[in-house]
Amino acid sequence: MSDLVDAILGRRTVKPSTYSENIPDPKMIRKLVDIARHAPNHHRTEPARFYLLDSDRIQKVGQLFGEIVAKDGSNPQLVERGKKKASEWGNAPGLLIITCHTDRNSELVQKKPEIIEEDYATCCCICQNLLLLFEKENIAAKWSTGPVWEHKDFARTIDLFSPLHERVVALLFYGYAEQKPRARILSHINKSLTDYS
Ligand SMILES: Cc1cc2nc3c(=O)[nH]c(=O)nc-3n(C[C@H](O)[C@H](O)[C@H](O)COP(=O)(O)O)c2cc1C
């Protein structure tokens, strides 16, 4: 139990160092993904798709996000921010993209549209599983939702399985980091818990 408590309380968002030569072994990431998939999943739809990128694709995704941030290129501040983002993302040591696949035309979804939300919830559980597993392996990670998928070339760059029915849940940047912030202090539990016991 204490391992789990430590992982939950100790996990923080940490930008992985781009300077470290040391990169988590993709075979280990693959194994952690396989474990993380074991999350509650109404109707057993297995909605999550995973894209474990190589450095060329990480660079390309970074470039695409830079272009999204820079918009039409007419605002120098946005252009500068776009360049920074392209470099920050493009030099990330590791990037795992998690999407949620729900076929909106399927008989099941036509009958039960709530599945769209339920599938997304499952994918979020899987992401948290992954973050906790990363924590146990001392892998630093950052969950991002920078809207790179708005770029017309995104689907092709990572060869999205089914672009029309797939939504990006998380871009998980991962790697190693020198330091990590301390555990986060939350507001008192009484603010969020109604306890009738
Ligand atoms: C759904 C989701 C989307 C997020 N998107 C971003 C993002 O786009 N950029 C970013 O810097 N952090 C992002 N984060 C990380 C949060 O900002 C971070 O979890 C929050 O600041 C709390 O810090 P902690 O994770 O260290 O407890 C995201 C987290 C979640 C759960």
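One-based numbering, in listed order, for ligands and for the atoms of each.
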Against heavy atoms of [X], which atoms of ligand 1 measure under 4.0 Å?
| X | result |
| --- | --- |
| Ser144 | 5 (N), 6 (C), 7 (C), 8 (O) |
| Lys142 | 10 (C), 11 (O) |
| Gly146 | 8 (O) |
| Arg12 | 24 (P), 26 (O), 27 (O) |
| Arg184 | 22 (C), 23 (O), 24 (P), 27 (O) |

**Message:** Using the side chain to side chain donor-acceptor pair (under 3.5 Å) criterion, which residues pair with Asp72? Sequence neighbours excluded.
**Reply:**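 Testing Asp72 for side chain to side chain donor-acceptor pair (under 3.5 Å), a comparison that skips the adjacent residues, returns Ser74.
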**Request:** Output the distance between atom CD (Glu137) and atom OH (Tyr176), rounded to the nearest 0.5 Å.
**Result:**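 If we round to the nearest 0.5 Å, Glu137:CD and Tyr176:OH are 7.5 Å apart.
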**Asked** Could you give the distance from CG (Leu9) to CD (Glu135), rounded to the nearest 0.5 Å?
**Response**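 That separation rounds to 10.0 Å.
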**Request:** Return yes if a side-chain donor-acceptor contact under 3.5 Å exists between Gln63 and Gln59, otherwise no.
**Result:**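 No, no side-chain donor-acceptor contact under 3.5 Å.
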**Item:** Leu132 reachable from Val14 in the ILVMFWY side-chain graph, under 4.5 Å edges
**Value:**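 Cluster IDs for Val14 and Leu132 differ.
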Give me the nearest non-hydrogen protein atom to [atom] as residue plus atom name, then the distance to 0.1 Å.
| atom | value |
| --- | --- |
| atom 3 (C) of ligand 1 | Thr145 OG1, 3.4 Å |
| atom 20 (C) of ligand 1 | Thr13 OG1, 4.5 Å |
| atom 2 (C) of ligand 1 | Trp143 NE1, 3.6 Å |

**Request:** For side chain to side chain contact (heavy atoms under 4.5 Å, CB included), just list the numbers for Asn129 and His38, CA-CA rounded to whole Å, side-chain angles, deciding distance to a tenth of an Å, and then say yes or no.
**Result:** CA-CA 8 Å; Asn129 282 349; His38 292 80; 5.6 Å; no
**Request:** Give a yes/no on ligand 1: does Lys15 have at least one heavy atom closer than 4.0 angstrom to it?
**Result:**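 Lys15 does not count as a contact of ligand 1 under the 4.0 Å cut-off.
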**Request:** State whether any protein heavy atom lies less than 4.0 Å from atom 25 (O) of ligand 1.
**Result:**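 For atom 25 (O) of ligand 1 the answer is yes, since some protein heavy atom falls inside 4.0 Å.
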**Message:** In the complex you have, is atom 14 (N) of ligand 1 within reach of the protein, judged by whether a heavy-atom distance drops under 4.0 Å?
**Reply:**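 There is a protein heavy atom less than 4.0 Å from atom 14 (N) of ligand 1.
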**Item:** Ile139 side chain near Ile29 side chain, heavy-atom distance below 4.5 Å
**Value:**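 A side-chain contact exists here, since the closest heavy-atom pair is under 4.5 Å.
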**Asked** Who pairs with Ala183 by side-chain contact (heavy atoms from CB on, under 4.5 Å), at least two apart in sequence or on another chain?
**Response**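 Listed in chain order: nothing, the list is empty.
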